[in-house]
Amino acid sequence: AIDSVNAWARLLFNKASLYTQRKRHEESLATFQEAHDLFIEQKDSLFIAYSKIQIGKEYWSLGRYASSMKEFTDAQAFLGEIQQSPEQKRLFSSDLNVGLGALNVSIGKYDQALSNFEEAMLFFKKYGYKYREASQYLNMGEVYSQHKNDYVKALENVQKAHNIFKITN
C-alpha cells in the first residue's frame, strides 16, 4: 500500500511532468525537487533515481549543464540500489542515457551522445518500445547531420525511424 507521503510525492512528480509539458521548467524543477525530497524521506530508491533524471533534464532545459550532469551522475549511482527487475533497471538506465545523450550534444561531446542514444535504442528495440526506439534513431540522425556532417549515417538513422513510425502509426 502507498502511504499518504508517498502518494503526495507521486502526485508532485506527475504535477512536475505537466509543468515540463507546458515548458514551465523553473516550476517543474522546483516541483521535481520537492517530490525528490519526499522520496528520500520514504527511501523509495526507484523514484529517488527517476526524480534525479527529471531534475537533470530540467537543468538541461534551462541550460544549466553542470547541474544537469551532477543530477545524471547522482541518478546513475542509484542504479545498484533499485529493487526492481533487471528489465526495469535497464529501462531506468536507458532513460538516463537519453538524458545524458541530450546533455552531451549540448556540451559538444557528440561521440558520447551517439553512444548514449545507441545504448538506449538497443534496449528499446529489444523490449519493443517502438516509439522510443525510433526517437533514438532520430536523435542519432540529428547528431550525424548537424554535428558530424555525416549525411549518409544521418539519412540511415532517419530512415530507420521513419520505417518504425510508419509501422506503428
Side-chain angles (χ1 to χ4, degrees), residues 2 5-140 142-143 161:
I2 296 177
V5 173
N6 197 288
W8 180 247
R10 289 178 187 220
L11 176 93
L12 288 171
F13 190 91
N14 290 334
K15 181 179 179 184
S17 297
L18 292 172
Y19 283 142
T20 298
Q21 291 172 2
R22 304 284 303 175
K23 309 242 184 283
R24 293 166 58 179
H25 298 293
E26 290 288 350
E27 291 165 289
S28 178
L29 176 61
T31 308
F32 276 127
Q33 288 171 326
E34 187 178 351
H36 174 74
D37 292 343
L38 292 173
F39 292 133
I40 288 174
E41 181 182 313
Q42 294 294 299
K43 297 181 174 85
D44 186 336
S45 60
L46 179 65
F47 275 91
I48 291 169
Y50 268 120
S51 59
K52 283 285 191 186
I53 291 174
Q54 295 309 123
I55 291 167
K57 287 178 180 178
E58 291 307 317
Y59 278 132
W60 172 78
S61 294
L62 294 166
R64 294 161 60 183
Y65 302 138
S67 295
S68 178
M69 183 61 81
K70 181 193 178 307
E71 295 299 327
F72 289 143
T73 301
D74 289 351
Q76 205 162 25
F78 276 96
L79 188 58
E81 296 179 30
I82 297 173
Q83 302 299 314
Q84 298 289 325
S85 70
E87 181 180 343
Q88 183 67 35
K89 284 185 178 188
R90 286 190 294 275
L91 177 59
F92 167 81
S93 182
S94 296
D95 287 340
L96 180 59
N97 270 310
V98 172
L100 282 168
L103 175 61
N104 282 319
V105 168
S106 297
I107 61 177
K109 295 183 176 181
Y110 306 120
D111 290 333
Q112 184 59 49
L114 287 168
S115 177
N116 294 132
F117 293 141
E118 184 170 7
E119 189 173 331
M121 179 278 301
L122 291 171
F123 171 82
F124 296 142
K125 183 177 186 174
K126 180 176 180 179
Y127 288 97
Y129 294 95
K130 291 298 189 189
Y131 177 81
R132 296 181 82 185
E133 175 191 349
S135 295
Q136 299 326 299
Y137 281 123
L138 285 176
N139 286 336
M140 290 185 288
E142 184 176 314
V143 172

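Since the model is a prediction, treat every value here as computed from it, not as a measurement.
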Q: Report the C-alpha separation of Ser94 and Glu119 in whole Å, then their side-chain angles, then the decisive distance to 0.1 Å, and conclude whether the side-chain hydrogen bond (donor to acceptor under 3.5 Å, both in side chains) test is met.
A: CA-CA 7 Å; Ser94 296; Glu119 189 173 331; over 6 Å; no
**Q.** Partners meeting ring-ring contact (aromatic ring centres under 6.0 Å, His included) with Tyr59 (sequence neighbours left out)
**A.** none
**Q.** Minimum side-chain heavy-atom gap Val105-Gln112 below 4.5 Å
**A.** no
Q) Looking at side-chain heavy atoms only, is the closest gap between Val98 and Asn116 below 4.5 Å? A) no
(Q) Between Asn139 and Gln136, does the side-chain hydrogen bond (donor to acceptor under 3.5 Å, both in side chains) criterion hold? Intermediate values first, please. (A) CA-CA 5 Å; Asn139 286 336; Gln136 299 326 299; 3.0 Å; yes
What's the spacing between [X] [atom1] and [Y] [atom2] if we round to 0.5 Å?
| X | Y | atom1 | atom2 | value |
| --- | --- | --- | --- | --- |
| Tyr137 | Glu118 | OH | CD | 8.0 Å |
| Leu18 | Thr31 | CG | OG1 | 10.0 Å |
| Phe117 | Asn104 | CZ | CG | 8.0 Å |

Q: Considering only NZ, NE, NH1 and NH2 on the basic side and carboxylate oxygens on the acidic side, decide whether Arg90 and Glu87 come within less than 4.0 Å.
A: no
**Q.** Basic-acidic side-chain contact under 4.0 Å: Asp95, Lys57
**A.** no
Of all heavy-atom pairs between [X] and [Y], which one has the smallest distance, and what is that distance?
| X | Y | result |
| --- | --- | --- |
| Ala102 | Trp60 | O-NE1, 3.3 Å |
| Ala161 | Ala134 | CB-O, 3.4 Å |
| Ile53 | Phe72 | O-CE2, 3.4 Å |

Q: Indicate yes or no for a side-chain donor-acceptor contact from Ser68 to the backbone of Gly56 under 3.5 Å, with no hydrogens or angles considered.
A: yes
Q: Keeping the roles fixed (side chain from Ser93, backbone from Lys89), state whether a donor-acceptor pair exists under 3.5 Å.
A: no
Q. Any side-chain donor paired with an acceptor under 3.5 Å for Asn6 and Arg10?
A. yes
**Q.** Partners passing salt bridge (charged side-chain N to carboxylate O under 4.0 Å, His left out) against Lys52 (at least two apart in sequence or in another chain)
**A.** Glu71, Asp74
Q) Using the ring of each side chain (for Trp, its six-membered ring), is Phe124 parallel, tilted or perpendicular to Tyr129, with breaks at 30° and 60°? A) perpendicular
**Q.** Heavy atoms from other residues, nucleotides or ligands near OH of Tyr131 exceed 12 (cutoff 6.0 Å)
**A.** no
